[in-house]
Amino acid sequence: MRAVSAARYSGGLIRRRLGPDAFIDCQLVEVGDGPGTCAGTACTFLDRATITYRTRTVAAFVAGTWRPAPEIAVEYGVRAQSGQLGTALTLREVLPWTSAAWDFLGGDRSRAFVAWGRYAPVVRPAWAQSSTPGRRSYRR
């Protein structure tokens with residue numbers, strides 16, 4: 001799955017709070033021809049910019065069923081997934097799961113079951129609105 005989300009920035013400065021009285025002010029620039037200078041290089045200070053994030057999600061799974069008796073079914077599987085939100089976020093997970101069901105009255109008239117599994121979120125394009133710059137990688 002691929003999706004694209006755009007985040008807009010305007011106002012001239014991005015202010016990040018570090019503590020009660022500590023801030024970092026960042027200003028976006030376009031390096032090249034321009035009236036200003038940035039560390040000795042010609043540049044243009046921007047008061048508007050658009051950042052585009054591309055998301056990619058890939059997943060594969062394997063599943064099976066084992067029947068130790070006609071009225072008992074045990075299902076099991078594993079899902080591997082990888083999700084990426086531009087260069088800001090990468091999620092890689094291996095997610096096993098299993099479940100068991102028992103038809104205690106027989107003839108498909110009843111069912112008692114239990115299930116267990118690990119689950120992880122799928123990378124959504126809306127996350128681009130709340131992500132911060134810089135690469136982050138979360139792996140288990």
Side-chain angles (χ1 to χ4, degrees):
M1 176 181 95
R2 285 188 185 179
V4 176
S5 179
R8 287 190 165 63
Y9 153 78
S10 63
L13 288 176
I14 299 173
R15 175 166 273 194
R16 295 226 161 87
R17 186 177 177 154
L18 300 176
D21 295 322
F23 298 94
I24 293 179
D25 289 334
C26 302
Q27 187 167 12
L28 298 179
V29 297
E30 186 175 89
V31 177
D33 294 333
T37 57
C38 306
T41 304
C43 66
T44 303
F45 291 93
L46 303 176
D47 47 337
R48 255 190 106 124
T50 300
I51 301 170
T52 302
Y53 294 90
R54 289 184 178 16
T55 62
R56 291 182 178 91
T57 301
V58 177
F61 66 92
V62 177
T65 303
W66 172 54
R67 290 191 169 270
E71 58 277 331
I72 298 174
V74 178
E75 295 185 342
Y76 52 89
V78 66
R79 174 185 171 96
Q81 78 180 30
S82 176
Q84 183 178 358
L85 176 63
T87 59
L89 177 69
T90 301
L91 295 172
R92 291 192 179 109
E93 298 284 344
V94 176
L95 308 164
W97 60 270
T98 186
S99 66
W102 173 40
D103 182 7
F104 54 89
L105 294 177
D108 291 332
R109 294 181 297 162
S110 62
R111 183 172 79 163
F113 65 94
V114 64
W116 173 87
R118 283 193 57 221
Y119 298 93
V122 175
V123 176
R124 304 276 183 222
W127 289 5
Q129 301 301 324
S130 61
S131 67
T132 56
R135 184 161 182 80
R136 288 173 174 73
S137 184
Y138 299 98
R139 296 179 190 165
R140 291 186 188 218

Hydrophobic clustering (ILVMFWY, side-chain heavy atoms < 4.5 Å, transitive) - are Leu95 and Trp116 grouped together?
no
In terms of heavy-atom contacts, Val74 and Thr98 come closest through CG1-OG1, 4.2 Å
Separation between CD of Glu93 and CZ of Arg79, rounded to the nearest 0.5 Å
11.0 Å
Between Asp103 and Gly107, the two heavy atoms sitting closest are OD2-N, 3.3 Å
side-chain contact (heavy atoms from CB on, under 4.5 Å) with Phe113: which residues, sequence neighbours excluded?
Ala101, Arg111
Using side-chain contact (heavy atoms from CB on, under 4.5 Å) as the criterion, list what pairs up with Ala80, not counting sequence neighbours.
none
Is any side-chain heavy atom of Trp97 closer than 4.5 Å to a side-chain heavy atom of Glu75?
yes
Does Ser99 reach the main-chain N or O of Tyr76 with its side chain, forming a donor-acceptor pair under 3.5 Å?
no
Measure the CH2-CD distance between Trp102 and Glu71 for me, rounded to the nearest 0.5 Å.
8.5 Å
